[in-house]
Each structure stands twice: as C-alpha cells, then as structure tokens.
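Keep in mind that the numbers below use all heavy atoms, side chains included, and drop hydrogens, waters and symmetry copies. The shown structure was predicted, so the numbers you read here are calculated from the model rather than taken from an experiment. Numbered from 1 within each chain, the chains take letters A, B, ... in sequence-line order.
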Amino acid sequence: MKRSMLLVGLTLLSLAQAQKTVSLVHSGAITGPTSDVGGPYAAAIEDYCKYANEQKLIPGYTLNCIVRDDQYQNPNAQRFLEEALDRAKPAVYLGYATGAMLALKSLIQEVKLVAIPASAHIGLIDPPDNTYVFLPTSSYSEQVVALLEHIAREKKGAKVALVVHPSAFGRAPIEDARKAAAQLGLSIVDVQENGGSLDNTALLRNLEQKGAEYIVHQNVAGPVANILKDAKRLGLDKKIKQLGAIYTGGNDLIRLAGDAAEGYLWASSYYTLEEDTPGMRLHRELAAKNNRGVLGQSHNYTAGLLAAAIAVEAMKRAAQRFGRIDNATFYDALVGMNGPNAFNPGFVVKTANSPEIDFTKSEQTGGEGLRVLEVKGGKFVPITQPFTSTLFRKVHYGK
Amino acid sequence: MSDFFQFLISGIAVGSIYALAALGFVLIYKSSRVINFAHGQLIAIGAFIAYALAAWLKLPIALALLAAVLATGLLGFVVERVFLKRLVGQPIISVIMVTIGLASVLDGLMYLTPFGSGNFSYPAFLPQEPLRLAGITVSYPQLLAVGFTALFLLLFGWFFQRSTLGISMRAVADDQMASMSVGVSVEKVFALAWAVAGVTAASAGMVVGTVSGLNQDSLIAIGLAVFPAVILGGLDSIPGAVVGGITIGVLQNLAAGYLNRFVPGGGTELVIPFVVLLVVLWFRPHGLFGTEEIERV
Amino acid sequence: MRNPWAQTGNYRTSYEQDTTIFATYREIASVVALLVALLVLPQLLERSQVLTLNFILIYAIAVLGLNITTGYAGLISVGQAAFMGVGAYTVALTAPYLPFYLTIPLGAAVAAAFGAIVGIPSLRVKHLYLALATLAFQEIFVWTVGRMPALAQGASIPVEMRNFLGYEIGFRNHNHFWYYVILFTLVLMVIAWRNLLRGKYGRALVAVRDNDRAADAMGMDPGRTKLMAFALGALYAGVAGGLLAYFQRSVVIEEFTLAKSVGFLAMAIVGGLGTVVGSLLGPAFIEYLQLSMERFSEWIKGSQAIQQIIPPGVDVASALLPLSFGLVIVLFLMFEPRGLYNWWRLVRSYFRTWPFKY
C-alpha cells in the first residue's frame with residue numbers, strides 16, 4: 001500500500017515537472033564469482049546515471065537506473081530482465097555474464113530490446129537471435145586475433161600457445177585464433193584450459209617443451225598472475241612472452257603478480273587512467289566524487305562508464321530525433337550512431353581512419369580500436385598505436 | 001627426468017597446502033564426526049585477517065601472521081560454542097547442514113569487508129628469487145607451505161602422544177560415552193578441535209595468499225580441494241590427511257604434466273582429485289589410514 | 001473413523017488405514033482448495049511473478065527427489081543439481097526431434113541411471129561417505145560437460161518450443177504456459193511420491209536410514225534400498241532439469257553447479273526433511289527470502305541516512321543475501337530442525353479442533 005502510494009506520488013511529481021522517465025536496467029555480478037569485474041562495472045553505471053541526471057543529458061527525460069546484483073546466476077539475471085520488462089519498460093538492458101547473456105538471447109530477440117553486455121563473447125552478436133545485442137568494444141575473439149597479429153609483426157612463424165579459462169567465456173576465441181594463426185603463418189602449439197592452479201609448473205614445462213614462444217591468455221587476472229609468477233620462478237619469463245585479452249589485465253593483475261607482471265602484454269580498448277581524454281577525466285572525476293576507492297581505479301569502471309554512456313547517448317538521440325524514447329527509437333538511434341554521427345566520449349582509443357564508437361545494423365561492435373600495453377615499472381604503458389584487427393573479420397565472417 | 005622431479009617437488013609443495021587445510025578438517029571429524037563445509041571460509045578469513053593486519057595496521061609480517069592464526073583459532077572456538085554446541089546429539093545431517101549455513105554466513109561477513117570482491121596480495125616478505133637445486137626450482141612460498149605442514153605435523157604428533165588434552169581428544173574420538181564416564185570434558189574437546197582447525201586453516205590460507213594472492217573465491221575453493229585428500233588418507237587419520245594431501249597435490253601435478261597433452265583443452269588436474277575420491281569410495285572407502293567402522297545393531 | 005470431516009485425533013487402527021494418502025475428508029478438501037488456488041493464481045500475477053513461481057515449482061520437484069535420498073534414506077546428496085543437469089542436457093539433445101512429454105521422461109530416466117551409478121558406493125559405505133561421492137559426481141559432471149563439444153562445452157544450447165498442438169507460445173504467455181505444465185508435472189510427481197513412500201518401500205527406506213544392520217536382519221537389502229533411493233532422487237532431479245531447460249529456453253552449465261546443489265539441501269532442510277509440504281514450502285521460502293532481501297538491500301542503497309552511517313568500502317547491501325541465507329539455515333537447524341513443515345503442522349492441528357481447545 002505504502003509502495004503504491006509512493007508510486008502514485010512519484011508519478012504525480014513527475015507529471016508536475018513535465019519530466020518523463022526512461023529506464024535503464026543493469027544486472028551484473030556485484031557479488032559472487034567475477035565480482036572483481038562486476039563490482040566496478042556496476043558502480044560505474046550507477047555513477048554515470050547520477051551524472052546524467054545532474055547534467056540533464058537526456059532532454060525532457062529523467063533517467064531511472066535499475067542496477068541489480070544477480071550474483072552471476074542466470075535465474076536472477078532472467079528474473080531482473082523480466083521484472084524490468086513488466087514494470088519499468090526499459091529502453092536498454094546492460095547485461096553482464098557470458099552464460100546468462102547467451103541464455104537470454106532468444107528472449108531479447110523476441111521483445112526487441114537492445115542489450116549491451118559486459119561480456120564480449122562473439123556468440124552474442126553471431127546469429128541466431130543477434131539483432132539486438134551490441135558490444136561496446138571489440139569481442140574477445142577480435143582481441144585475441146589482434147594479439148596474434150601483434151606477435152606476427154614481432155616474430156615471423158612464432159609458436160604460440162593459448163591458455164584459456166575453463167568456461168564459454170574462455171573458449172570463445174579458440175576457433176578464430178586457430179584460423180587467424182594459419183593465415184598469419186603462426187603455429188598454435190597447444191590450447192590449455194586453466195582456471196587458477198596453485199602451481200603451474202607442469203603447464204609451463206609442457207608449453208616449453210612444445211617450443212612455445214608466446215602464451216596468449218583469455219582468462220581473468222587471477223590465473224594469469226599465478227602463471228606469470230610460476231614462469232618467473234622457473235626462469236621462463238625471458239623465454240616465453242605472455243599476452244592477454246581485456247579481462248586478464250589491469251590493476252588487478254599487477255596487484256596479484258607484482259614484479260612477475262613486468263613485460264606482460266595486454267590488449268585493451270580503453271585509455272589508461274592517467275591519460276588526458278574527456279572520458280578519462282570524467283572517470284577520475286566521478287570515481288573521486290562518489291568515493292569509489294579501489295573500484296574507481298579499475299579499467300572495468302571505465303568499461304561500465306562506457307556502456308552507460310552509450311546507452312544515455314542513444315537515449316538522448318532518440319529523444320531529439322523522434323521525440324520519444326522506447327525500444328524501437330532507441331534501436332534506431334543506436335544503429336544510426338555512425339559516420340558523422342559516431343559517438344566520441346573519449347573512453348576508447350580510436351584509429352586514424354575510424355571513429356571511437358560506431359554501430360550499424362550489421363556492425364554490432366562499437367569501438368574496434370585497441371592498443372597493446374606492456375607492464376613497465378608496475379604500470380601498463382601503451383607500446384603500439386591504436387589499431388584494428390585486419391584479419392578478424394576475414395577469419396570470422398569469411399569476408 | 002628432471003621434469004618428473006620438478007613436477008614431484010611442485011606437487012609436494014601444493015599438496016602441503018592441502019595437507020595443512022586437511023589437518024584441521026580431520027581433527028574436527030575425528031573428535032565430533034562433523035564434516036565441515038565451512039572450512040574454505042575459515043581459510044579465507046585467516047588469510048584476510050593477516051592481510052588486514054599487515055597492510056592496514058602495518059604490523060610486521062611475522063606478527064601479523066601469528067595474530068591472524070590466533071584470531072582464526074578464536075573464531076573456530078566461537079563458532080563451535082555458539083552454533084555447534086547446541087546441536088550435540090542431533091542427527092549428523094543437521095550438523096553438516098549447519099556448517100553449510102555457516103559457510104554462507106561467513107561469506108556474508110566477508111562481504112561486509114572490502115575483501116568480498118577484488119584481489120589483494122601480501123607485502124613481499126619472502127625472497128623473490130627462487131631456490132635452484134640440480135635444475136629443480138622451488139619458490140620460498142612453496143617452502144613455507146612445506147615448513148608449516150611439517151611444523152604442525154610435529155606439534156600434533158607431540159600433542160596427541162604426550163599432552164593430557166591430546167590424549168583426551170583421542171579418547172573422545174574413540175568413544176564419547178566412555179570418555180565422559182571417566183571425566184573427560186567432551187565439550188571442551190569439541191571446542192578445542194574447532195579452535196585448532198581454525199589455526200591450521202588460517203596457516204593454509206596465508207600460504208595460499210603468499211603463493212597466489214588473495215581472492216575470496218579461490219581461497220574458498222581450497223576448502224573443496226580438501227575432500228579428496230581426506231577421503232584418500234582416511235577421514236579420521238591425521239597422518240592420513242598429510243599423506244592424502246600430498247598425494248593429491250602430486251597427482252594433480254603429474255596429471256597436468258603427463259595427462260593434459262592427451263586431453264583436448266587439458267585441465268585434467270581439476271578433475272583428477274574427484275576421480276580419485278570416487279575410486280577410493282568404490283574400492284577402499286575408509287582410505288589409506290582410516291579406521292574401518294565396526295557396527296553393532 | 002467417526003466423523004470424517006472433523007476428526008480430532010488419530011483413529012487409525014490398521015496398516016491399510018495408516019497407508020492411505022489422506023487421513024480425513026478435510027485434508028482432501030484442503031488439497032483441492034490449494035490446487036484451485038494454484039490454478040487461478042497466475043491469472044492474478046505479472047509475468048515476472050509467474051517466473052518466480054515457476055522456479056519455485058521446478059525446485060520443488062528437485063527437492064522432492066532430494067527428500068527421498070536425504071529425507072527418507074538419510075543419504076546427504078550434494079549432487080542434486082548435477083542430476084538435474086543430466087535431465088536438462090538429455091532434453092537439450094532430444095528436443096529438436098521429440099515432443100516435450102517424451103523428452104522430459106527420457107531425461108528423467110537417464111538421470112536415474114546416473115543416480116544408480118553414483119549410488120554404487122552405497123552398497124558398501126554409509127552416510128557421510130556418500131555425501132562425498134555425490135560431491136565428486138557434481139564436480140566431475142561440470143568438468144566433463146566443459147569438455148564435450150556436443151553439449152556446447154557448457155555454453156548455451158537453445159531449447160525452443162514455440163508451438164504446442166497449434167497453440168502459439170511466445171514471450172507473452174511463455175511463463176504462464178510452462179507454469180501449468182510444471183504444476184501438472186509437480187502434482188503427478190507428488191502423487192507418485194506419496195504412493196511410493198507410504199507403502200513397503202518407504203518403510204524400508206526409513207528402516208535403513210535409522211539402522212541399516214537391523215533392517216538387514218529383518219530381510220531388507222540396505223544396499224539395494226539405498227541404490228533405489230539414489231536413482232529415484234535423481235529421477236526427480238531429471239524431471240526438474242528437463243522442465244528448467246524448456247522454461248529457460250536454453251541449457252547452460254551454470255545452472256547445475258555445486259552451489260545450486262547446496263541450495264537444494266538448504267531448501268529441503270528449511271522446508272522440513274521428508275515431507276511433501278516441506279518440499280513446497282522450502283523452495284518458496286528461500287526464493288521469497290531472496291526477493292525480500294533484494295528489496296531490503298535496494299532500500300539500504302537508496303537511503304541517504306543509512307549510507308552515511310556505513311563506512312566506505314563496506315557493502316552491506318551485497319552482504320545481506322548470503323548472511324540471511326546462511327542464518328536461516330543455521331537458525332532453523334538450531335531452533336526448528338523439523339522445518340517449516342512443523343509450523344504448518346502446528347497451525348493445522350490448531351484448526352483441526354477449532355473452536356474447541358482440544
């Protein structure tokens with residue numbers, strides 16, 4: 001009773017101000033497995049929503065942010081999405097886990113709701129049921145292919161091993177990596193799954209025997225840190241170079257691996273916290289203002305800001321172009337985000353010939369630019385110019 | 001061949017961690033027949049207390065470790081007093097379920113601290129360079145694991161053979177009724193078992209922390225790795241816990257070394273302990289050193 | 001049996017009477033009333049509320065099975081979710097070729113076979129050791145699915161059913177349609193459960209649980225009885241898994257992990273071990289506990305006054321869920337080991353003699 005009265009009160013209030021409300025719903029792992037990623041990600045979405053309302057970024061609308069903790073459990077994610085569909089009628093769903101997003105794909109397709117997940121599993125934007133899923137930055141597969149290209153530039157015919165997380169998340173890029181390696185003249189000597197062992201001697205010795213010169217990781221920071229430390233202990237740190245995709249790196253890796261992280265190469269689409277771009281200035285400002293501490297130093301906070309920023313920008317454009325924000329206008333605004341209308345918030349590196357974030361109906365990846373960063377003196381420092389994988393689209397789509 | 005010895009040594013180091021964790025687990029089972037599903041949480045809490053003391057209060061690391069060990073021992077004691085004492089005489093399934101509930105409560109308590117999510121690592125206190133001997137390398141955290149296990153094994157050996165308290169614990173494990181009738185305080189023994197379990201769990205947690213950094217999920221996972229070790233060694237045998245732990249550690253490393261190349265994707269080291277667990281249950285359910293129960297109607 | 005509508009005590013005088021499903025007409029009437037209420041209920045609710053109900057009913061089927069293994073036979077199982085997984089994956093593989101009323105029983109049969117295999121150590125060992133056998137199965141199951149390309153290595157396998165005998169099923173009516181299917185299945189499973197356990201077999205289970213040597217001496221085969229209990233428990237899990245696959249429209253490995261198995265045990269304990277009412281109340285209680293804790297933590301997050309008291313870095317909202325879940329289990333075991341079923345029993349016996357005191 002109280003709740004409904006409150007609702008009525010709120011509705012009257014919003015009518016009085018002639019402000020319409022638009023909702024954004026996020027469900028992610030704030031606690032439970034992978035909460036080291038989900039925590040900062042959700043915090044950033046909350047902070048950006050507050051900021052969007054303060055700055056009145058969406059003309060004529062108040063943004064209602066629903067951020068919920070699914071604890072990495074699919075039934076929770078499913079329930080949050082359906083509750084939102086029943087009650088708040090969100091214009092966009094900011095999803096999270098690979099498993100939950102893959103499971104929800106057909107529902108998302110049916111209700112024609114745009115979903116922007118934290119997971120960059122290529123299967124999310126591959127058919128079937130892929131019309132409404134959009135990745136803010138390049139997919140895991142594209143990141144790994146880009147890393148292979150980087151290796152091929154460094155050393156022709158190099159022997160590469162893949163070490164991946166034992167889950168759909170980890171296994172996503174294997175197939176494309178094999179195809180890309182064949183094209184690049186690299187040889188994939190082994191693919192091993194590793195979800196964090198206390199000792200990786202056997203893994204590293206086996207890879208050494210197979211002649212691996214590079215290890216490419218698609219994993220989370222913990223297991224990679226252990227492998228780096230063991231490689232250093234075994235004296236393999238000079239012999240085998242290690243690289244990894246987005247969730248392997250960042251401050252967490254340095255915190256866990258310490259000195260052993262030196263020389264590790266990381267493919268990241270995001271600017272570093274120190275860089276002076278509008279996006280990173282906003283990152284620093286919001287993290288400080290909301291007292292986010294360690295959470296605010298994570299690149300996952302940047303990722304959360306980016307996802308929220310894309311959503312808010314598309315809402316703004318929908319409001320300006322169509323005068324109303326709903327599923328359909330949001331989708332149209334989002335897929336119109338290209339060419340001169342591309343979105344440049346300054347979170348993601350851009351290459352000379354492409355904008356920062358752009359989407360079309362068939363191109364569902366936002367920022368395709370990425371850089372390779374290296375740990376030098378306990379910090380990730382970019383060592384390449386921003387580039388886009390030239391090979392990925394060829395090996396994945398065959399074009 | 002040098003690979004084989006390297007795998008063996010690494011396996012022993014990892015196995016020592018399991019053994020350390022298993023010691024406390026077996027102690028609880030031995031005295032009170034409780035399978036403790038909250039052991040992983042004790043491990044994590046011990047490790048985090050040490051971190052908090054060392055990194056925030058800037059205590060010297062040795063002092064922080066010692067204080068954390070004692071604090072976790074105290075936690076074990078309190079847990080027994082508050083939750084398990086009331087369940088003496090209840091069906092064993094209730095007691096086991098209580099430990100499952102406890103695991104969740106302790107998880108929740110960890111979420112109240114910054115440790116619930118995120119990764120941490122201790123300030124470096126051991127030499128970074130590994131020891132090299134005849135082509136085999138061992139890191140100092142690994143030595144620490146082996147050292148801790150040996151230390152506790154010696155302490156336990158002395159404790160159970162020589163001290164009155166230790167002997168009364170053995171008596172309770174053997175026959176609760178009989179020991180009560182000769183004046184042994186069963187309650188005291190149960191509480192003590194939990195306190196000592198807390199102590200060994202914290203030590204295991206700190207070793208894991210120095211080896212691979214602190215993350216709630218991976219620390220709790222050690223609690224799960226204990227099961228194959230204790231079943232292999234025999235649920236109620238302290239030497240069994242050590243032998244079982246080290247065997248599982250070695251088997252994991254050998255599997256990773258020699259089996260993974262035959263399995264696409266590898267990762268056999270994750271499943272081998274549980275296969276061993278199942279096989280032991282089929283063919284030798286009381287493990288290597290466990291006592292076979294003789295029951296009367 | 002004087003007045004079958006207002007029976008004030010237990011007047012059972014023969015074994016036949018003791019094994020009847022319903023003791024009084026009033027019980028029959030209340031079950032009918034409950035069923036009618038359950039049939040009408042979803043018509044009054046939002047889709048997402050029906051979604052929660054569906055999860056509760058599916059979990060109830062799994063918990064019913066657990067109540068055979070753990071409740072009746074006293075064998076702790078921490079592998080119920082893996083058995084559910086067996087059912088779900090069987091459904092995922094056969095759904096393109098067979099209708100759901102065939103795939104789900106098939107999944108149940110396969111799950112039962114797995115249950116019998118996992119139960120093999122029960123021929124030799126007792127309670128605690130068996131818990132660890134199920135733990136091993138749980139872990140081996142998840143690992144193996146991750147290695148099988150035929151099962152998408154644990155990633156999503158879509159299970160779509162858009163049409164049933166010409167009736168279109170879509171987002172609009174998906175939850176409601178499956179609600180009735182699940183409810184129907186649940187009723188069938190409950191009837192089977194009662195029929196199975198009120199007779200000879202149920203008594204054998206209890207005898208074996210309480211003292212297997214004595215049961216052996218009385219001519220029951222403890223090993224076979226326990227094996228059956230495992231297979232039956234797994235069969236129920238298989239049915240639940242199959243329903244979950246259709247209802248979630250996909251099969252993903254995260255649904256069948258150790259944490260889920262532990263959750264089922266908690267539901268069984270909170271509901272009251274070995275009872276039908278408990279199997280329904282337990283899942284409902286745990287699910288609604290989660291919902292209300294979510295509300296509460298959102299309220300905490302939204303309240304400025306509370307946020308100011310809490311020191312930075314402390315996340316009360318996130319801690320609430322595991323804390324409350326664990327405390328509920330612990331407190332129930334400490335103060336109400338017979339679970340919610342006991343409350344239900346007290347209420348019922350109060351009303352049985354109402355308005356008289358006794």
Identify which of B:Asp107, B:Leu270, B:Ile231, B:Leu87 forms the greatest number of heavy-atom pairs closer than 4.5 Å to chain C. B:Ile231
Looking at C:Phe83 versus C:Phe114, is the centre-to-centre ring distance below 6.0 Å? no
If one checks every heavy atom of C:Leu321 against chain B at 4.5 Å, the contacting part turns out to be neither
Flag the pair C:Tyr89 / C:Met84 as yes when at least one side-chain heavy-atom distance between them is below 4.5 Å, and no otherwise. no
Let me have the donor-acceptor pairs involving side chains of residues 331-341 of chain C, under 3.5 Å, with sequence neighbours excluded, atom names and distances please.
residue	atom	partner	partner atom	Å
C:Glu336	OE1	C:Asn342	ND2	3.1
C:Glu336	OE2	C:Asn342	ND2	3.4
C:Glu336	OE2	C:Trp343	NE1	2.9

Against chain C, label B:Ile35 side chain, backbone, both or neither, depending on which of its atoms sit under 4.5 Å from a heavy atom there. side chain
Any non-hydrogen side-chain atom of B:Arg81 less than 4.5 Å from a side-chain atom of B:Glu187? yes
Could you work out, with ring-ring contact (aromatic ring centres under 6.0 Å, His included) as the rule, every residue matching B:Phe227, not counting sequence neighbours? B:Phe25, B:Phe37
Any side-chain heavy atom of B:Leu224 within less than 4.5 Å of one from C:Leu135? yes
With a 4.5 angstrom heavy-atom cut-off, which part of B:Val230 approaches chain C: side chain, backbone, both or neither? neither
Engaged part of B:Pro264 at the chain C interface, taking heavy atoms whose separation is under 4.5 Å: backbone
Passing option when B:Leu75 is tested against B:Leu42, B:Leu109, B:Ile49 for side-chain contact (heavy atoms from CB on, under 4.5 Å): B:Leu42
Toward chain C, the part of B:Thr268 with a non-hydrogen atom under 4.5 Å: both
If one checks every heavy atom of C:Ile269 against chain B at 4.5 Å, the contacting part turns out to be side chain
For this output row, return yes or no: ring centroids of B:Tyr29 and B:Trp194 closer than 6.0 angstrom. no
For the residue pair C:Phe141 and C:Phe137, does the interplanar ring angle fall in the parallel (under 30°), tilted (30 to 60°) or perpendicular (over 60°) class? tilted
side-chain hydrogen bond (donor to acceptor under 3.5 Å, both in side chains) filter on B:Ser31, not counting sequence neighbours, yields none
What part of C:Ile329 is in contact with chain B, defined as an atom under 4.5 angstrom from a non-hydrogen atom: side chain, backbone, both or neither? side chain
Using a 4.5 angstrom heavy-atom cutoff, name the option from B:Ile96, B:Val280, B:Val95 with the most pairs to chain C. B:Ile96
Who wins among B:Gly267, B:Pro273, B:Gly265, B:Ala103 for the most heavy-atom pairs under 4.5 Å with chain C? B:Gly267
Taking every heavy-atom pair that is under 4.5 Å apart, which of C:Ala266, C:Ala319, C:Ala133 has the most such pairs with chain B? C:Ala319
Any donor-acceptor N or O pair under 3.5 Å, side chains C:Ser261, C:Gln80: no
For chain C, which of B:Leu102, B:Leu235, B:Leu84, B:Thr99 has the most heavy-atom pairs under 4.5 Å? B:Leu235
Pair B:Glu269-B:Asn253, side-chain donor/acceptor within less than 3.5 Å: no
Determine which residues belonging to residues 145-154 of chain C lie within contact range of chain B, meaning some heavy atom pair is under 4.5 Å apart, and list them by number or answer 'none'. C:Arg147
Go through B:Ile100, B:Val276, B:Val98, B:Val271 and name the one with the most non-hydrogen pairs under 4.5 angstrom from chain C. B:Val271
